[in-house]
There are 2 protein chains.
Amino acid sequence: MRLTTKGRYAVTAMLDLALHSRQGPVSLADISGRQDISLSYLEQLFAKLRKRELVQSVRGPGGGYQLTREGDAISVAEVVDAVNESVDATLCRGDNDCQHGNECLTHHLWSDLSHQIHDFLSKISLGDLVRRNEVRAVAKRQAIDIKRLNQKQSADLIDIEATL
Amino acid sequence: MRLTTKGRYAVTAMLDLALHSRQGPVSLADISGRQDISLSYLEQLFAKLRKRELVQSVRGPGGGYQLTREGDAISVAEVVDAVNESVDATLCRGDNDCQHGNECLTHHLWSDLSHQIHDFLSKISLGDLVRRNEVRAVAKRQAIDIKRLNQKQSADLIDIEATL
DNA sequence: GAATACCCTACTAAAATAATCGGATATATA
DNA sequence: TATATATCCGATTATTTTAGTAGGGTATTC
């Protein structure tokens, strides 16, 4: 399994969605603000997540994204798969032709490891993560951060208006 | 754990070393020929492996590299660690500061996964791999490939000499 | 009709990986 | 002692992937 920041961003964004989807769709702008991921990059990731039907979109004001299934029915492995196209740790992506047509010396090792990682991540659902205390604690901190930021911004705005 | 071709190349090369070290040191040129890894790239990888004291070198003709310990005493995890510097799947490399000073929403998830992968690879030694049937089969094929290549090359050489 | 927010394509920037080049040093062997 | 082998070392380049940017379009709400 390719384990890059790309997949991690996708899981973080999906978890944010799972955490905040109680009251309707969540906009990418909100996720961007809370999780520090660029909006355009999120758009690219969500295009892939939508193709795999892990999320569905609502357009227009008040719109955003929603999980198509319950959090408990979406595994972390699915999310990583959706954005990473290849989930295989082997050089040949499971085709057994890593070395001019034949399998390389360590093909089986990486193949075994791939399955290992996939198993691990497929047994963890977004729902599981939402219920974790560490996750809830971080989410709470982020909510406070955003609130502060908004207060600061509106204060700045008042300052600007005052100087005009 | 960062799982890239870099670490895979290193493990493949080390396994080649373990397979062929019976009769003295193994040159990087030999490994390069058998495993299709560029010689200079191997030099870079082995500089790191030497720093971690996983291999020792013998200079001059007939020289090459040897494992400093027995194959059974070197885990795959150690090899990957040696070339990959970071073995952590978290964005912050275990520093818990993925999001402006604080941990990100999925920090624990990637941290858990890192340990999972590390455990898996630390339980597999080069000795284990050497004894695997699939590995022995691939090594045998590679030996035959090299033999053929050498025969072809010396035949070509005779052709060239004949035309001169 | 204005604002919101998804949607889409293309481009650019940055980083990591992989490979290349040019040499220096040590050593076995003839 | 000369030569060939092979490690050592640094710098540079190429390629690929990741990440971010830009600029527009479309659907929907109010």
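Letters go in sequence order (proteins before strands), and every chain restarts at 1.
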| request: Could you check how far NZ of B/Lys6 sits from P of D/dT15, rounded to whole Å? | output: 19 Å
| said: Using a distance-only criterion (donor-acceptor N/O pair, under 3.5 Å, no hydrogens), is the base of D/dT7 paired with the side chain of B/Arg59? | reply: yes
| task | Provide, to the nearest angstrom, the distance between the CG atom belonging to B/Leu39 and the C1' atom belonging to C/dG23. | result | 14 Å
| query | Whole Å only: how far is the CZ atom of A/Phe46 from the C1' atom of C/dC8? | reply | 16 Å
| For A/Gly60 and B/Tyr41, take the nucleotide of DNA chain C holding the closest heavy atom to each; which residue's nucleotide lies nearer the 5' end? | A/Gly60
| said: Taking any heavy-atom pair under 4.0 Å as a contact, classify B/Tyr65: base, sugar-phosphate, or nothing. | reply: sugar-phosphate
| Looking at the side chain of A/Ser40, which of D/dT5, D/dT21, D/dT28 is the nearest nucleotide? | D/dT21
| field | Pair B/Lys140 + B/Asp145, salt bridge at N-O below 4.0 Å | value | no
| request: Using modelled atom types only, decide if a donor and an acceptor are shared between the side chain of A/Gln35 and the backbone of A/Ser32 within a distance under 3.5 Å. | output: no
| Do the side-chain N or O atoms of B/Ser57 get closer than 4.0 angstrom to the phosphate oxygens (OP1, OP2) of D/dC8? | yes
| Looking at C/dC8, does its base get a donor-acceptor pair with the side chain of A/Glu43 below 3.5 Å? | yes
| query | Can you check the B/Arg50 CZ to C/dA26 C1' distance for me, whole Å? | reply | 12 Å
| query | Mapping A/Pro61 and A/Gly7 to their closest nucleotides on DNA chain D, which lands nearer the 5' end? | reply | A/Gly7
| request: Just call it for A/Leu28: base, sugar-phosphate, or nothing, with non-hydrogen atoms closer than 4.0 Å on any strand. | output: sugar-phosphate
| field | Atom-to-atom span, CG of B/Leu45 to P of D/dT7 - whole angstrom | value | 13 Å
| said: Strictly below 4.0 Å, N to O, side chains only: are B/Arg132 and A/Asp112 in salt-bridge contact? | reply: yes
| query | Can you find a side-chain donor-acceptor pair between A/Asp119 and A/Ser122 that sits under 3.5 Å? | reply | no
| Atom pair distance, as rounded to whole Å: NZ in B/Lys51 and P in D/dC8 | 12 Å
| d(CG, B/Leu42; P, C/dT17) in whole Å | 16 Å
| Given atom CG of A/Asp30 and atom C1' of C/dA5, what is their separation to the nearest angstrom? | 11 Å
| query | Below 3.5 Å, does any donor atom in the side chain of B/Gln56 face an acceptor in the base of D/dT7, or the other way round? | reply | no
| Audit row: B/Val76, B/Lys123, side chain to side chain contact (heavy atoms under 4.5 Å, CB included) steps and yes/no | CA-CA 8 Å; B/Val76 172; B/Lys123 280 173 190 151; over 6 Å; no
| B/Gln44 or B/Gly64: which one's nearest nucleotide on DNA chain D is closer to the 5' end? | B/Gly64
